[in-house]
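For reference, positions follow the sequence shown, starting with 1. Below, all heavy atoms of this structure are taken into account, side chains as well, without hydrogens, waters or symmetry copies.
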Amino acid sequence: MPTAVDGRHNKEHKEHRLSLAEVSAALVADGQVAAADAEKFMTERRYFRGDTHPLIVISEQKWKSARPPHRTLDLETLSQWLAQWCGLDYLHIDPLKIDFSAVTEIISSAYATRFRVLPVEVTAQEVVVATAEPFQRAWEAELQPILRKGIRRVIANPDAIARYQVEFYNLAKSVKTAMSTGNVSGGSGLTNFEQLVELGQANRSFDANDQHIVHIVDWLWQYAFEQRASDIHIEPRRDLGIVRFRIDGVLHQVYQIPMPVLNAMTSRIKILGRMDVVEKRRPQDGRIKTRTPEGMEVELRLSTLPTAFGEKLVMRIFDPEVLVRDARELGFSDEDAERWQRMTRQPNGIILVTGPTGSGKTTTLYTTLKTLATPEVNVCTIEDPIEMVEPTFNQVQALSGIDMGFAAGIRALMRQDPDIIMVGEIRDLETADMAIQAALTGHLVLSTLHTNDAPSAITRLLDLGVPAYLLNSTILGVMAQRLVRTLCPHCKKAGKLRAEDEAAWNELVAPWKSNMPETLCHPVGCLECRMTGYMGRIGIYEILLLSPELNRLVTSAADLAKIREQATREGMKPLRISGALKIAAGLTTIEEVMKVAPPVQGF
């Protein structure tokens with residue numbers, strides 16, 4: 001077995017590509033694979049002369065490592081082993097962390113393909129190049145005098161290298177071609193920013209339907225879907241356009257794109273969303289239906305906003321599969337699910353869901369409505385905008401420009417023989433009055449309200465001017481919710497309590513006393529979660545059910561502290577306590593809960 005040293009210092013390793021026999025023998029010598037398995041494998045492939053990388057062929061065997069912890073020898077694991085074996089660093093290629101425009105300028109596409117390498121980082125001092133052939137070094141000697149920089153080789157997954165060679169160079173070519181050919185008479189190229197400014201001043205624009213712009217937009221969506229992004233932000237700046245993805249509630253800057261190309265991308269997306277491409281001075285909304293690379297249908301909700309440097313475009317990604325989740329998947333405990341179902345089973349009344357934008361209110365309401373929307377029930381919604389198109393509902397878009405706001409929409413829906421009405425948001429007294437009238441006339445009304453916690457919803461409606469006796473007659477309950485990031489199940493690590501953990505826990509559960517769990521789970525970071533330590537989000541809930549005792553406290557001079565205290569006595573768990581239960585279950589961390597859940601007030 002070759003020693004684990006860098007090939008550049010190992011004279012035993014002459015210039016060559018890895019062979020199946022060499023890798024197989026090294027795995028046996030390293031104790032990763034049993035000799036009998038390797039011998040049988042090599043006998044079956046005695047005449048193997050394919051061009052496929054040996055690691056790819058071996059990964060197809062799905063062998064378990066003979067060394068603890070006996071991981072499956074998949075391609076990523078084998079690539080990590082190869083790096084260790086040959087003494088080079090390992091790199092997982094994350095396309096969101098690579099400046100494709102910069103790296104593709106270093107080596108031509110033909111050269112990278114020929115030697116199966118991929119530049120992944122460029123700094124003032126060095127170029128980092130990914131390879132899966134540690135003993136092929138001729139290209140390094142050729143490039144060194146040309147680049148006049150140090151070259152640092154890293155080992156990467158050979159499949160990823162081949163894939164991103166194609167995609168990075170094609171994308172860079174699309175951007176470069178779009179920049180150079182724009183919609184310019186005579187086909188002259190654009191070589192600098194000044195020419196681009198002159199082009200814009202000449203009222204010429206890049207063609208939004210150009211094949212290169214189409215390719216860039218399609219590529220952007222593909223990576224957003226792969227990275228589990230919930231939102232795509234396309235933001236104009238003075239010199240460059242910025243593309244950011246929101247993943248698990250956190251924004252990540254992923255690309256910088258020349259402004260003319262960014263403008264063409266925005267126009268392309270507006271065309272697909274049936275928006276007015278010419279109008280750039282006022283906000284617009286639209287939607288697009290597309291498919292992921294796996295063929296799953298996804299809906300994008302578009303929103304544009306004029307800014308100092310051009311139109312900012314946000315695409316919110318809606319996955320239809322979120323509506324088939326049950327209460328457990330949404331994060332409801334058994335007790336929370338029972339309290340929520342007790343409200344939603346009522347024939348009439350008002351149910352409110354509160355929380356800031358992005359706290360999962362829409363997902364909760366849509367999922368609930370989908371379970372209630374049986375063939376015997378007429379479910380109608382009035383929304384601004386319609387978040388997701390759902391065939392089991394009758395959905396109405398609120399349009400204030402033609403006097404079709406929430407109040408007018410509820411008034412119209414009540415003449416449509418509904419059983420259940422969902423109102424996008426109660427923003428004013430008129431909407432609140434119409435929702436109450438709908439509840440009083442025998443309808444179940446679900447809506448949202450922007451308050452910090454559940455008890456505050458009662459006082460907010462009183463502040464709007466709703467009489468207390470009408471609230472007592474119609475409100476069934478209020479649920480406040482937040483979303484917290486969940487720890488990655490592949491890499492989270494349980495550890496003993498630290499001194500700072502106890503202080504943080506006591507701050508979290510104050511003013512109550514609660515025993516700390518014996519262990520707490522902490523984020524680590526792995527390839528599955530893109531080294532963040534978190535994967536996905538889950539809800540924490542605070543559910544207030546209106547009881548006769550609480551109704552007596554709902555007066556025109558209601559005391560919020562007394563309402564909160566009585567609701568807690570009757571079983572309402574504050575958001576932070578709900579989060580503490582998730583922490584004890586090993587689902588999230590103290591920091592995540594404290595970041596989103598407000599401290600309990602009034603005790």
Side-chain angles (χ1 to χ4, degrees), residues 75-76 92-104 109 112-113 118 120 130 156-178 206 208-235 241-248 250-258 261-273 286-303 313-322 388 527-532 535-536:
L75 190 52
E76 206 70 45
H92 171 69
I93 300 177
D94 185 345
L96 303 186
K97 296 180 179 178
I98 294 175
D99 184 349
F100 64 86
S101 298
V103 299
T104 53
S109 174
T113 304
L118 179 68
V120 291
N157 182 324
D159 205 21
I161 291 174
R163 173 190 173 183
Y164 293 123
Q165 271 179 352
V166 175
E167 296 190 358
F168 285 177
Y169 282 98
N170 281 351
L171 185 64
K173 181 181 177 182
S174 293
V175 172
K176 189 181 296 184
T177 306
F206 290 84
N209 291 315
D210 181 86
Q211 62 173 339
H212 303 291
I213 299 299
V214 172
H215 173 68
I216 295 168
V217 171
D218 289 344
W219 189 82
L220 178 69
W221 285 344
Q222 172 189 339
Y223 277 96
F225 299 151
E226 283 188 6
Q227 299 299 322
R228 302 178 293 105
S230 60
D231 301 85
I232 305 171
H233 291 239
I234 297 180
E235 304 174 336
I242 305 297
V243 177
R244 298 195 287 176
F245 291 171
R246 187 177 294 278
I247 303 171
D248 294 336
V250 179
L251 276 172
H252 301 265
Q253 181 171 316
V254 291
Y255 301 117
Q256 291 185 343
I257 294 180
V261 177
L262 193 88
N263 291 334
M265 290 170 59
T266 301
S267 296
R268 166 70 182 169
I269 294 166
K270 287 174 69 176
I271 289 170
L272 295 175
R287 61 179 67 246
I288 297 172
K289 276 199 173 183
T290 184
R291 292 187 179 274
T292 66
E294 294 77 28
M296 185 180 70
E297 188 177 85
V298 171
E299 187 166 299
L300 305 174
R301 198 187 78 197
L302 316 179
S303 174
L313 174 66
V314 175
M315 292 172 273
R316 176 159 286 187
I317 301 171
F318 287 106
D319 177 0
E321 288 190 357
V322 302
M388 287 178 273
L527 299 180
E528 296 290 337
C529 61
R530 296 181 60 250
M531 305 307 292
T532 63
M535 180 182 288

Go through it in stages, so that I can follow the logic: the residues are Leu171 and Tyr164, the test is side chain to side chain contact (heavy atoms under 4.5 Å, CB included), and I'd like the CA-CA distance, side-chain angles, deciding distance and then a yes or no. CA-CA 10 Å; Leu171 185 64; Tyr164 293 123; over 6 Å; no
Smallest heavy-atom separation, Asp248 atom then Met535 atom, equals OD2-CA, 3.6 Å
Any side-chain heavy atom of Ile242 within less than 4.5 Å of one from Gln256? yes
Nearest 0.5 angstrom please: Ile288 CD1 to Ile269 CD1, how far? 6.5 Å
Could you check Ile93 against Asn157 for side chain to side chain contact (heavy atoms under 4.5 Å, CB included), going step by step and ending with a plain yes or no? CA-CA 8 Å; Ile93 300 177; Asn157 182 324; over 6 Å; no
Shortest non-hydrogen separation from Phe318 to Val298 and the atoms involved: O-CG1, 3.6 Å
Sorted by chain and number, sequence neighbours left out, salt bridge (Lys or Arg N to Asp or Glu O under 4.0 Å) with Asp94 holds for Arg530
Listed partners of Arg316 passing salt bridge (Lys or Arg N to Asp or Glu O under 4.0 Å), at least two apart: Asp231
Answer whether the closest heavy-atom distance between the side chains of Lys270 and Leu302 falls below 4.5 Å. no
Value rounded to 0.5 Å, distance of CZ in Phe225 from OG1 in Thr292: 7.0 Å
Ala229 to Ile247 - nearest heavy-atom pair and separation: CA-CG1, 4.1 Å
For Leu220 versus Met265, what's the shortest heavy-atom pair and its separation? CD2-CE, 3.9 Å
ring-ring contact (aromatic ring centres under 6.0 Å, His included) for Phe100 and Tyr255? Distances and angles first, verdict last. CA-CA 9 Å; Phe100 64 86; Tyr255 301 117; 5.7 Å; yes
Are any of the side-chain heavy atoms of Asn170 and Ser109 separated by less than 4.5 Å? no
Say you draw a straight line from CG of Leu272 to CG of Leu300; how long is it, rounded to the nearest 0.5 Å? 9.5 Å
Which atom names give the shortest non-hydrogen contact between Lys289 and Glu299, and what distance separates them? CE-OE1, 3.2 Å
Return the CD1 to CG distance between Ile234 and Asn263, rounded to the nearest 0.5 Å. 10.5 Å
Going from OG1 on Thr266 to CG on Leu262, what distance comes out if it is rounded to the nearest 0.5 angstrom? 4.5 Å
Enter the distance from Thr290:OG1 to Gln222:CD here, rounded to the nearest 0.5 Å. 11.0 Å
Not counting sequence neighbours, which residues clear salt bridge (Lys or Arg N to Asp or Glu O under 4.0 Å) with Glu167? List them please. Arg163
Minimum side-chain heavy-atom gap Phe245-Ile232 below 4.5 Å: yes
